[in-house]
Amino acid sequence: MSDGGVGPASNLGRRGGSGRPRRGRTARPYPAPDRGASGSDVALAAVRALVHAEDPHAVRQVVATLVGDLGGALVPARLEPRNAIEVDVSLGLGDPTLVVVDALSVAALDLRSVLPAVLDDARAVLARMAREGEPPPPAGGTGPAAPQDLQRHLELVTVGDVDGARRHTLGLLRRGVSRGAVVEQVLAPAQREVGDRWYRGAWSVADEHAATAVTEACLGALPLATEGPSLLLVSPEGEWHSLPSRMAAVAADGVRARALGPGLPASHLQRYLEVHDPEVLALSCTMATNLISAARSIAAAQLAGVPVIAGGRAFGGDDRRAAALGADAWAGSAAELGRVVPISGEPPLDVPHEAVLADAVADELLQLVLERQAAATGWVREMDRRQQREALQDLRWITRHAAAALACDDPTVLDELLHWLDVLLTDRGVPAHVLPDATGYLADALEVETPQVAELVRTGGARLR
Ligand code: B12
């Protein structure tokens, strides 16, 4: 997969006949999906094949075949390809590798939506393979980790040493460090540092992915608690960050926690809970853009009769956002999962209709905002296509964070994003007035259908100035 060449990921079975020529002829590892199959059907076929993969090579083959089936091509990240989807598909088994696809095609949409979940499954299969044939992992003790343990893990993460990092992690357990401390004092702070390096522009997306793959392998090597009430950790639809919930599952105390991977549509969650029936559902949300989706997951779980504890970055530092979205409880860390305090008081009203509307803001409206800003601002007029795409993405995030702020009755949801964007854009050389100006144009455009969301955007932008 990372053998240097630029070309289609697999040679057979592309759907629907749009475009790229096939090259080479080696056997595909699983039957080709039907012509015209949807992106999720194609992904499902790959996930089924992953379950039967017998070695890491076969796992790589499945991922490469999926990319080819969906119309993408694999290119080594070091070539810095244009039109690349910024997800490393090397699975830590070679040099970082990106998927190249026509940015405006259906193939790009399909790949962006299915790749994170399939890669997650592929990593879980690789972690299982790594564990098989090994003695069971040490159970760990009750002790803390030392600052140099984090330092060492960061060094291994930085050079992408998967095996070294797994050995180091298991060594900590052997030394008597608790599972919770390995997660909270070593793996989690290292991942935050990885995120900060990307945010500061010191690391590329591919560096970040390669480092994350190392941490994922370490996490996969850790044992889970086998006693206590059963607790299922899931994330709402749209949430690609599955590591936080996996970390919480390992660090949880006094509960038998299992994590189900990245975001799940609420209807699928409800069906799953009706069959599997855990005692508690813990909902992990990292991006505040997914808070309205989180409200749907909470409602779905409660309809299935399962109480919900909310947690993760997006829920903030106290129970207010969780309460507003209808959760039964909030916990600030995985260690608290076994002894949470239920949220008291009246159940909240439904998520306001305006927030739901703004959460699904139309591309055309955002495009209009960008055009109005371009008419007034030279810098915006001169943006290239990639910058325009990113600007549209930023406008969508601002709108969806404002929608979440309305649903949670908490303007800091939007303030946190605006501050984050302000620093990021300034570092990337965007003039300081562009972001506050954008909030003004966006608020004007949102005014007609979603006046309260518009007001949040306007006042949030004013606080930036
Ligand atoms: C790895 C990573 C990714 C990977 C995720 C891989 C995976 N399998 O999870 C990928 C590449 C998919 C990704 C994508 C994106 N990411 Co990202 N990502 C990260 C990174 C570096 C680490 C995530 C991680 O491992 N966290 C694990 C620990 C460290 O996180 P944690 O959330 O604090 O979780 C702990 C607790 O909160 C708690 N917990 C978690 N859940 C729950 C639940 C309950 C009930 C309880 C009690 C506790 C609990 O336990 C955990 C262990 O302590 C973070 C940096 C960071 N600070 O987290 C950025 C970060 C979260 N990502 C960010 C961004 C911007 C993105 C993208 C938008 C990038 C893009 N341009 O596409 C997309 C969004 C995708 C989406 N729609 O979800 C930003 C978010 C900024 C913001 N304003 O919100 C961050 C903060 C990076 C940064 N410094 O700016 N990302």
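Counting convention: from 1, in listed order, for ligands and their atoms alike.
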Is a salt bridge present between [X] and [Y], judged by a nitrogen-to-oxygen distance below 4.0 Å?
X	Y	answer
Arg313	Glu239	no
Glu416	Arg321	yes
Asp422	Arg465	no

With a 4.5 Å heavy-atom cut-off, do Leu173 and Pro223 have their side chains touching?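 Touching, per the 4.5 Å side-chain cut-off.
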Quick check: do Cys218 and His153 have side-chain heavy atoms less than 4.5 Å from each other?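 In contact.
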Nearest to [atom], what protein heavy atom do you find, and at what distance?
atom	result
atom 29 (C) of ligand 1	Ala188 O, 3.4 Å
atom 73 (C) of ligand 1	His241 CE1, 4.3 Å
atom 72 (O) of ligand 1	Trp240 CZ3, 4.8 Å
atom 79 (C) of ligand 1	Trp420 CZ2, 4.3 Å
atom 26 (N) of ligand 1	Pro244 CG, 3.6 Å
atom 58 (O) of ligand 1	Arg313 CD, 4.3 Å
atom 37 (O) of ligand 1	Gly312 CA, 3.6 Å
atom 35 (C) of ligand 1	Arg192 NH2, 3.9 Å

Atoms of ligand 1, numbered as shown, that sit under 4.0 Å from any heavy atom of [X]:
X	answer
Ser333	47 (C)
Ala282	45 (C)
Glu239	78 (O)
Glu208	1 (C), 2 (C), 3 (C), 11 (C)
Ser242	7 (C), 8 (N), 9 (O)
Thr212	1 (C)

Regarding ligand 1, does [X] bring an N or O atom to under 3.5 Å of one of the ligand's N or O atoms?
X	result
Glu184	yes
Trp198	no
Val183	no
Gly195	yes

Atom CZ of Arg82: over 12 foreign heavy atoms under 6.0 Å: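 At most 12 heavy atoms, drawn from other residues, nucleotides or ligands, come within 6.0 Å of this atom.
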Take atom CD in Glu80; do more than 12 heavy atoms of anything else shown fall under 6.0 Å from it?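 No - once you tally the heavy atoms of other residues, nucleotides and ligands closer than 6.0 Å, there are 12 at most.
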Just heavy atoms, cut-off under 4.0 Å: does [X] contact ligand 1 by side chain, backbone, both, or neither?
X	answer
Glu336	neither
Leu337	side chain
Gln191	both
Trp397	side chain

Any protein heavy atom nearer than 4.0 Å to [atom]:
atom	answer
atom 21 (C) of ligand 1	yes
atom 61 (C) of ligand 1	yes
atom 10 (C) of ligand 1	no
atom 85 (C) of ligand 1	no

Can a non-hydrogen atom of [X] be found less than 4.0 Å from any atom of ligand 1?
X	answer
Trp330	no
Glu416	no
Gly238	yes
Glu216	yes

Kindly give the heavy-atom pair with the smallest separation between [X] and [Y], and that separation in Å.
X	Y	value
Pro278	Ser230	CA-OG, 3.6 Å
Ala248	Ala334	O-CB, 3.5 Å
Leu291	Ala404	CB-CB, 4.0 Å

Determine whether the side chains of Ser293 and Asn290 contain a donor N or O and an acceptor N or O closer than 3.5 Å.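 Judged by distance alone, the side chains do not pair up.
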Side chains of Thr158 and Arg197, donor plus acceptor under 3.5 Å: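 There is such a pair between these side chains.
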